2 protein chains.
Amino acid sequence: MSPADDVSWPRAATLADVASAAGVAISTVSRALSNPARVNSVTRERIEQAARDLDYSPNSQARALISGRTRAVAVFVADVTNPFYFDLIRGTQRQLKAAGYTQVLVDTEESDELEDLTLQKLRRSFDGAILAASRLTDARLAALSHEVPMVTINRQTKSVPSVFIDTPSGILQAVEHLISLGHRKIAYISGPETSWPNEGRWRAFVRATERHGVEPQRIGPFSPKKAAGAAAADAALNSGVTACVAFNDLLAIGMLMRLRERGVSVPEQLSIVGCDDIFGADFCNPPLTTLTAPIEQAGRVAVSMLLARLDSTTVSGMRDRATLPTHLTVRASTGPVPHERGRP
Amino acid sequence: MSPADDVSWPRAATLADVASAAGVAISTVSRALSNPARVNSVTRERIEQAARDLDYSPNSQARALISGRTRAVAVFVADVTNPFYFDLIRGTQRQLKAAGYTQVLVDTEESDELEDLTLQKLRRSFDGAILAASRLTDARLAALSHEVPMVTINRQTKSVPSVFIDTPSGILQAVEHLISLGHRKIAYISGPETSWPNEGRWRAFVRATERHGVEPQRIGPFSPKKAAGAAAADAALNSGVTACVAFNDLLAIGMLMRLRERGVSVPEQLSIVGCDDIFGADFCNPPLTTLTAPIEQAGRVAVSMLLARLDSTTVSGMRDRATLPTHLTVRASTGPVPHERGRP
DNA sequence: TTCACACACGCAATCGTTTGCCATAATTTG
DNA sequence: CAAATTATGGCAAACGATTGCGTGTGTGAA
């Protein structure tokens with residue numbers, strides 16, 4: 001038999017089917033299945049048997065229609081391609097499944113309009129949303145938070161609960177690591193200017209460098225993609241810095257590849273620090289010194305916060321802000337400052 | 001205002017609200033919005049205005065209840081962590097969004113039971129499913145395909161339409177590449193034995209080696225994860241082969257890391273070929289020679305096939321089998337066979 | 001003037017559940 | 001043994017949208 005011959009999608013069994021099979025009313029079946037104590041045990045068993053025979057499975061749409069709850073949560077990411085989100089998605093997925101929720105993945109393609117539109121159009125299709133790296137304005141975010149329960153990740157706004165990965169504090173560590181290696185000309189390789197974490201990292205970079213009497217340089221912006229690393233590497237080389245901190249690992253890895261291509265050795269000629277410690281940061285060449293972020297945990301915490309306010313009737317005394325620490329993981333992409341040309 | 005104070009999730013506007021605002025019947029609003037030609041233009045504009053004012057957005061649950069169509073498709077992956085699925089998810093996501101469908105991501109955690117259960121429990125929540133690397137038996141797959149329209153990826157069964165990435169043909173190329181480099185002792189590093197593509201790759205490996213009078217060796221099974229690469233590397237080293245073809249890139253990259261740790265150089269002492277060309281295969285150390293698979297395309301094609309049979313009434317003459325070619329991408333992890341010990 | 005025929009819109013049933021309310025039967029209590 | 005209570009299960013109204021059918025209005029032709 002060819003698959004194409006297979007045209008019958010038989011109507012699935014409904015409560016009514018089970019009811020007539022068991023010889024009871026629909027309401028009794030409903031109760032037997034969702035509130036067993038409410039119906040006599042012998043009736044219940046008859047019903048359960050019938051349900052099993054008919055392979056009954058409740059229609060979640062109908063259920064959602066009454067309860068107003070879909071038991072689904074949307075996770076908005078800027079770009080499914082970015083490995084950063086994979087740890088995040090893994091975290092949310094695990095936690096959601098554990099709570100019996102299903103995850104709906106939405107890719108906003110780094111567009112605020114698409115994010116806004118989807119959030120509006122689909123708001124009835126899920127009980128809440130996790131916004132990872134939202135591109136929305138504070139005002140819009142505040143407005144939408146009235147329509148859909150939500151939690152943001154790496155985006156703090158007073159009107160919305162959030163999980164924040166404290167990369168800025170890590171930046172301080174990273175800068176001090178570079179300074180201790182003798183670097184004095186250090187640049188921040190900027191990500192997209194619409195990115196909220198990017199600005200936070202830049203501010204932390206400024207604070208950290210100034211504390212040590214070093215002038216902060218900013219190069220960019222660049223798209224947070226591996227391909228953009230080529231331009232970033234060229235720009236960094238041209239600027240004459242001896243070390244740089246990149247907005248994220250993707251960009252840093254892209255730089256590493258370009259530098260290798262151009263024959264400049266890392267860290268002998270240029271030290272590079274990334275952010276996030278994504279998949280690949282440990283096996284690239286050279287392995288990347290980076291700010292390790294608890295990304296998966298961030299996903300789990302965000303889900304917990306969201307579900308807490310979905311499931312409880314009272315919202316008082318609930319944690320609405322979480323900050324997760326990062327730490328510097330030193331690998332092989334950072335090293336002592338190179339000797340000045342002509343001097344030992 | 002603290003987020004915690006924010007307790008009101010106002011009831012969203014319904015057709016009834018719009019109807020009373022516009023002073024018409026519910027049915028008229030419904031038609032004005034979904035079948036504009038059916039209602040007078042001035043009434044329609046009044047309705048549209050009211051809908052806009054009330055920020056009306058249709059309840060997809062209610063819609064699904066009537067139509068029986070949810071406009072959602074589930075994508076089942078064995079492990080969201082595995083970068084192989086990154087590209088796949090990206091492909092399905094793009095194609096689904098383009099068709100106005102939403103993607104529901106399900107992680108089966110490499111468990112056939114979980115896969116089966118979820119498929120059953122959620123079958124009414126989506127219109128169809130894409131099964132990437134299903135662990136189900138042929139019989140079960142056939143049975144379930146009667147309940148839910150589905151398309152498998154990298155899993156061919158006569159009862160279910162499928163998209164197949166032709167890695168086996170690529171294995172032939174890979175083996176010939178190794179043979180042309182002088183290798184005669186070559187092993188296949190096996191993935192999980194429950195994995196369907198793993199068996200196909202092994203069979204292709206056997207065919208390819210035997211064609212060249214080389215004895216096929218099999219090492220494993222190993223979990224298709226980076227961490228398992230350590231054991232695989234040790235085993236390969238111990239077996240005395242000079243080259244190997246790994247079940248997938250993840251395993252190959254793990255091997256690369258372990259070999260570096262043990263101080264054995266690739267490809268001077270051992271050549272390695274991966275499969276899939278996932279994210280990272282190009283920037284690991286050394287860059288991996290691998291079988292480049294059109295993963296994202298596979299996702300897109302699978303979605304197209306699924307939607308084709310969902311949207312059309314007639315299923316006849318529909319493509320129910322697609323094979324996508326792979327090609328060998330030679331990078332730096334393969335090289336000439338090492339000289340025998342003591343001989344030049 | 002009357003018949004026919006669009007056209008525009010409303011009525012009400014429907015999808016599959018859940019749940020408040022009520023009727024009956026069974027059990028306990030005084 | 002009557003009265004009060006409890007256990008059990010059925011009826012019917014929601015939830016929000018779609019859609020077949022019917023009604024009323026207006027237009028043109030005979």
Side-chain angles (χ1 to χ4, degrees), chain A residues 9-48 50-51 54-72 120-127 147, chain B residues 9-48 50-51 54-72 120-127 147:
Chain A
W9 310 121
R11 198 182 61 84
T14 70
L15 269 192
D17 299 329
V18 179
S20 72
V24 293
I26 294 182
S27 50
T28 308
V29 180
S30 172
R31 275 188 277 259
L33 264 29
S34 56
N35 187 6
R38 186 68 177 67
V39 18
N40 187 294
S41 57
V42 353
T43 323
R44 174 167 15 115
E45 273 195 36
R46 191 154 37 94
I47 292 174
E48 281 167 351
L54 284 126
D55 194 23
Y56 170 77
S57 133
N59 182 324
S60 45
Q61 322 300 327
R63 223 174 223 179
L65 191 52
I66 293 197
S67 64
R69 310 278 311 273
T70 59
R71 294 200 76 79
Q120 286 220 65
K121 282 192 57 179
L122 297 184
R123 86 191 115 124
R124 314 273 283 281
S125 305
F126 39 74
D127 297 344
E147 315 251 319
Chain B
W9 309 120
R11 197 181 60 85
T14 71
L15 267 193
D17 299 329
V18 179
S20 73
V24 293
I26 295 182
S27 49
T28 308
V29 179
S30 173
R31 275 187 276 259
L33 265 29
S34 57
N35 188 2
R38 190 73 176 66
V39 18
N40 186 294
S41 58
V42 353
T43 323
R44 168 158 32 99
E45 272 196 36
R46 190 151 41 95
I47 292 174
E48 281 167 351
L54 284 130
D55 196 21
Y56 169 77
S57 132
N59 183 325
S60 45
Q61 323 299 328
R63 232 180 217 172
L65 192 52
I66 293 196
S67 64
R69 310 278 311 274
T70 59
R71 295 199 75 80
Q120 286 220 67
K121 283 193 57 178
L122 297 184
R123 85 193 117 136
R124 314 272 282 282
S125 306
F126 38 74
D127 297 342
E147 313 251 321

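Note that this is a predicted model, so its numbers are computed, not measured. Chain letters run A, B, ... following the sequence lines, proteins first, then strands; residues in each count from 1.
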Quiz prompt | Residue whose nearest DNA chain D nucleotide is more 5′ - Arg31(B) or Pro58(B) | solution = Pro58(B)
Taking only the side-chain nitrogens and oxygens of [X], find out if one of them lies under 4.0 Å from OP1 or OP2 of [N].
X: Ser30(B); N: dT19(D); result: no
X: Thr43(B); N: dC9(C); result: yes
X: Thr28(B); N: dG10(C); result: yes
X: Asn59(A); N: dT17(C); result: no
X: Arg38(A); N: dG9(D); result: no

Provide, to the nearest angstrom, the distance between the [atom1] atom belonging to [X] and the [atom2] atom belonging to [N].
X: Arg46(A); N: dT8(D); atom1: CZ; atom2: C1'; answer: 12 Å
X: Ile47(B); N: dA8(C); atom1: CD1; atom2: P; answer: 12 Å
X: Leu33(B); N: dA17(D); atom1: CG; atom2: P; answer: 10 Å
X: Asn35(B); N: dA8(C); atom1: CG; atom2: C1'; answer: 13 Å
X: Ile26(B); N: dC15(D); atom1: CD1; atom2: C1'; answer: 12 Å
X: Gln61(A); N: dT18(D); atom1: CD; atom2: P; answer: 14 Å
X: Ile66(A); N: dA12(D); atom1: CD1; atom2: P; answer: 17 Å

Quiz prompt | Thr43(B)/Arg46(B) under side-chain contact (heavy atoms from CB on, under 4.5 Å): CA gap, chis, key distance, verdict | solution = CA-CA 5 Å; Thr43(B) 323; Arg46(B) 190 151 41 95; 3.7 Å; yes
Quiz prompt | Flag, side chain of Ser30(B) to backbone of Ile26(B), donor-acceptor distance under 3.5 Å | solution = no
Practice problem: Please check if the side chain of Thr70(A) supplies one atom and the backbone of Ser125(A) the other of a donor-acceptor pair under 3.5 Å. | Solution: yes
Quiz item: Is there a side-chain contact (heavy atoms from CB on, under 4.5 Å) between Gln120(B) and Ser57(A) once you walk through the steps?
Solution: CA-CA 8 Å; Gln120(B) 286 220 67; Ser57(A) 133; over 6 Å; no
Nucleotide of [options] approaching [X] most closely (side-chain heavy atoms):
X: Tyr56(B); options: dC11(C), dC11(D), dA17(D); answer: dA17(D)
X: Arg63(A); options: dG10(C), dT17(C), dA12(D); answer: dT17(C)
X: Leu65(A); options: dC15(D), dA17(D), dC11(C); answer: dC15(D)
X: Thr14(B); options: dG16(D), dC9(C), dT18(C); answer: dG16(D)

Quiz prompt | Check: dC9(C) base within 3.5 Å donor-acceptor of Ser27(B) side chain | solution = no
Exercise. Return the 5'-most residue of the pair Arg124(B), Asn40(B) with respect to DNA chain C, ranking by each residue's nearest nucleotide.
Key: Asn40(B)
Practice problem: Answer whether the closest heavy-atom distance between the side chains of Asn59(B) and Leu65(A) falls below 4.5 Å. | Solution: yes
Quiz item: Touch check for Ser67(A), heavy atoms < 4.0 angstrom, all strands: base, sugar-phosphate only, or nothing?
Solution: nothing
